[in-house]
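The structure appears right after this line, and notes come after that.
In the text below, chain A, chain B and the rest are named by the order of the sequence lines, each starting its count at 1.
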Amino acid sequence: MLDIRAIRNDPDRFRTGLRRKHADPALIDELLAADAAWRKALTESEQLKSRRNKTSEAIATKKRQGLDASDDIREMREVSERIKVLDDEVRQLEARVQELLLGIPNIPHESVPDGESEADNVVVRHWGERPAFMFPPRPHWEIAQMLDIVDFERAVKITGSRFVAYKGLGAKLERALASFMLDFHIERHGYTEVFPAFIANEESLIGTGNLPKFGEEMFKLEGLPYYLIPTAEVPLTNLYRDEILAASDLPVLLAGYSACFRSEAGSAGKDTRGLIRLHQFQKVELVKLVAPEESYQALERLVEECAAILEALHLPYRVVEICTGDLGFKETKKYDLEVWLPAQETYREISSCSNFEDFQARRANLRFRREEGAKPEYLHTLNGSGLAIGRTVAAILENYQQEDGSVRIPDALVPYMGVDVIRRRDA
RNA sequence: GGAGUGAUGGCCGAGUAGGUCGAAGGCGCUCGCCUGCUAAGCGAGUAUACGCCCAAAAGGCGUAUCGACGGUUCGAAUCCGUCUCACUCCGCCA
């Protein structure tokens, strides 16, 4: 949520920001109109209330002195009627302002490269060497099927398409990756592990910016104001909702493992095979709550922390800076980490690291005090996937595959797997 | 799921035959005094949000807030209704 006062003071800055993001700058004018109407009604109502308060006191005084106050009472009866009508109006206008405010996207940071679409994103750097195969590399779903570590067909019986069941060493690989990533971030980067609920209420989803605009992308529980979380970002960011932290509490660094549920996945008919695009996947998510002046440095650091996992697993990747046109609803700046998938000969997003500045903090009322007695200020929130586990499995299967169909386990993962290679049962 | 109790300021806790209650008192905190140091003691201060005035800060004015929403009333922390949450007991359960 943007700062309404900042918008009143300098609407052009926000119109420009929205234009850069290819959002409609007229949203600002609509908001300002509603805001002006709200303030007008509010002022009128408050003036009447002031009058009523004074007169009510006068009535009390008169009655105590045994004087007649019926004229005042008759008059205030009318004033109160008018107040009731006005307050209805005020409530509606205020709700309108709030609704508009919740629907306006965040504006890009000045450092974000301009661009129309995904095609204009900027590759910042590459890491690692792509494996050279002496045979045509197989796509990960073929490898998984050959090794019998993911059951694509049977899983459909349980729920439907776009769900899978990991089996045997595939299931263990999922589990190993989750443990490995969590341990890595906790031990090396100072995160605190949080194991959150996978169901969140509407307030939480408004807090992170998933509601009110993106309800269609989530699974909602029937008859309840609850949703399956689309990412652990939701519970982690909301953990301190409506709280005022001390400056000494910052930065808050949270690492959480969760299943993530996305109802939109697959609607475009892309990535119909394999582990890339599913209605449920697991992910280790990193969330940072930081002082405003530190958030951009924290973002760079976050990218490195997520990249460190890929490096530990020796998976080639590149870092992409997202341009203004491809930036999402709530972020001011975003980097994607894309891992190399040899069978598709392409880089695929495996992590997304964003700064939201105070956009989520306003919605979730996340504040801190610089010092005892100081006025509370909104803090800045960031998050990054560290990493998406299904896509990491896919990347390991494809990058570590061998000609006979077996897959080596990255050294860093061997202690967690207990084996250094996954072979076919009949091999 | 059943029964009951409760919800007041950073915390504890008064206040219900409706009016001068943003709300006693205590604790905590801040500043000052006192004190060889600490503690104690003494004094003063100590909520938040929003709107308006002001170029802005300082400041001033106003409104709202005693779980939430709605009602009664000229006027509600106090009366009525609905809801939410917390706690206790019982039942069920991994």
Checklist entry - Can you list the steps and then say if A:Glu305 with A:Arg301 is a salt bridge (Lys or Arg N to Asp or Glu O under 4.0 Å)? => result CA-CA 6 Å; A:Glu305 288 163 349; A:Arg301 180 100 198 270; 3.7 Å; yes
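Atom name P, nucleotides B:G15 and B:A24: the rounded distance is 14 Å, in whole Å. Spacing between B:U48 and B:G75 at atom P, rounded to whole Å, works out to 30 Å. Rounded to whole Å, the P atom of B:C83 lies 14 Å from the corresponding atom of B:G1. Rounded to whole Å, the separation between the C1' atoms of B:G10 and B:G22 comes to 16 Å. A distance of about 13 Å separates the P atoms of B:C52 and B:A57, rounded to the whole Å. Going from the P atom of B:C80 to that of B:G2 covers 24 Å, rounded to whole Å. Comparing the same atom, P, in B:G32 and in B:A86 gives a spacing of 44 Å after rounding to whole Å. Nucleotides B:G26 and B:G13 place their P atoms 16 Å apart, quoted to the nearest Å.
No engagement by A:Arg82 is indicated, since no non-hydrogen atom pair under 4.0 Å with the nucleic acid exists.
One atom, CG of A:Asp242, and another, C1' of B:A49, lie 14 Å apart when rounded to the nearest Å. Distance A:Leu67 CG to B:G19 C1': 16 Å, rounded to the nearest Å. Rounding to whole angstrom units, CZ of residue A:Phe368 and P of B:G10 are separated by 20 Å. A:Lys49 places its NZ atom 11 Å from the C1' atom of B:U65, with the value rounded to the nearest Å. The distance between atom CH2 of A:Trp38 and atom P of B:A49, rounded to the nearest whole Å, is 14 Å. Between the CG atom of A:Leu93 and the C1' atom of B:G51 there is a distance of 14 Å, rounded to whole Å. Here B:C53 presents its C1' atom at 12 Å from CD of A:Gln47, a figure rounded to the nearest Å. Summarising the geometry, the separation between CZ on A:Arg5 and P on B:C52 is reported as 9 Å, rounded to the nearest angstrom.
Under the 3.5 Å distance criterion, the side-chain polar atoms of A:Gln297 are left unmatched by any main-chain donor or acceptor of A:Glu294. Side-chain N or O atoms of A:Glu398 include one that pairs as donor or acceptor with a backbone N or O of A:His140 at under 3.5 Å.
More than 12 heavy atoms of other residues, nucleotides or ligands shown are found within 6.0 angstrom of CZ on A:Phe329. Shown here is A:Asp411, whose CG atom has no more than 12 heavy atoms of other residues, nucleotides or ligands within 6.0 Å.
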Item to check | RNA chain B base-pair string [pairs: Watson-Crick or G-U under 3.5 Å; |: paired with another strand] | outcome: ((((((((.[[[..)...(.....]]]((((((.......))))))(((((((.....))))))).[[[[[..)....]]]]])))))))....
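For a distance-only test at 3.5 Å, the side chain of A:Glu46 qualifies as a donor-acceptor partner of the base of B:G62.
In this structure the side chain of A:Arg154 reaches within 4.5 angstrom of the side chain of A:Lys167, judged on heavy atoms.
In the model, A:Asn201 has a side-chain atom that pairs as donor or acceptor with a side-chain atom of A:Ser204 under 3.5 Å.
Under 4.0 angstrom from either OP1 or OP2 of B:G62 there lies no side-chain N or O belonging to A:Asn53. In terms of phosphate contacts, A:Arg51 brings no side-chain nitrogen or oxygen within less than 4.0 Å of OP1 or OP2 of B:G62.
By the 4.0 Å N-to-carboxylate-O rule, A:Asp87 lies close enough to A:Lys49 to be salt-bridged with it.
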Item to check | Annotated protein contacts, base or backbone, on nucleotides 68-85 of chain B with a non-hydrogen cut-off under 4.0 Å, one of B, S, - each | outcome: --S-S-BS----------
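Using the six-membered ring where Trp is involved, A:Tyr257 and A:Phe195 have ring planes that are parallel, under 30° apart on the 30 and 60° scheme. Ring orientation note: the planes of A:His189 and A:Tyr191 are nearly perpendicular, at an angle over 60° on the 30°/60° scale.
To the nearest 0.5 Å, atom OG1 of residue A:Thr392 and atom CD of residue A:Glu174 are 9.0 Å apart.
Taking for each of A:Arg39 and A:Glu57 the nucleotide of RNA chain B with the nearest heavy atom, the 5'-most of the two is the partner of A:Glu57.
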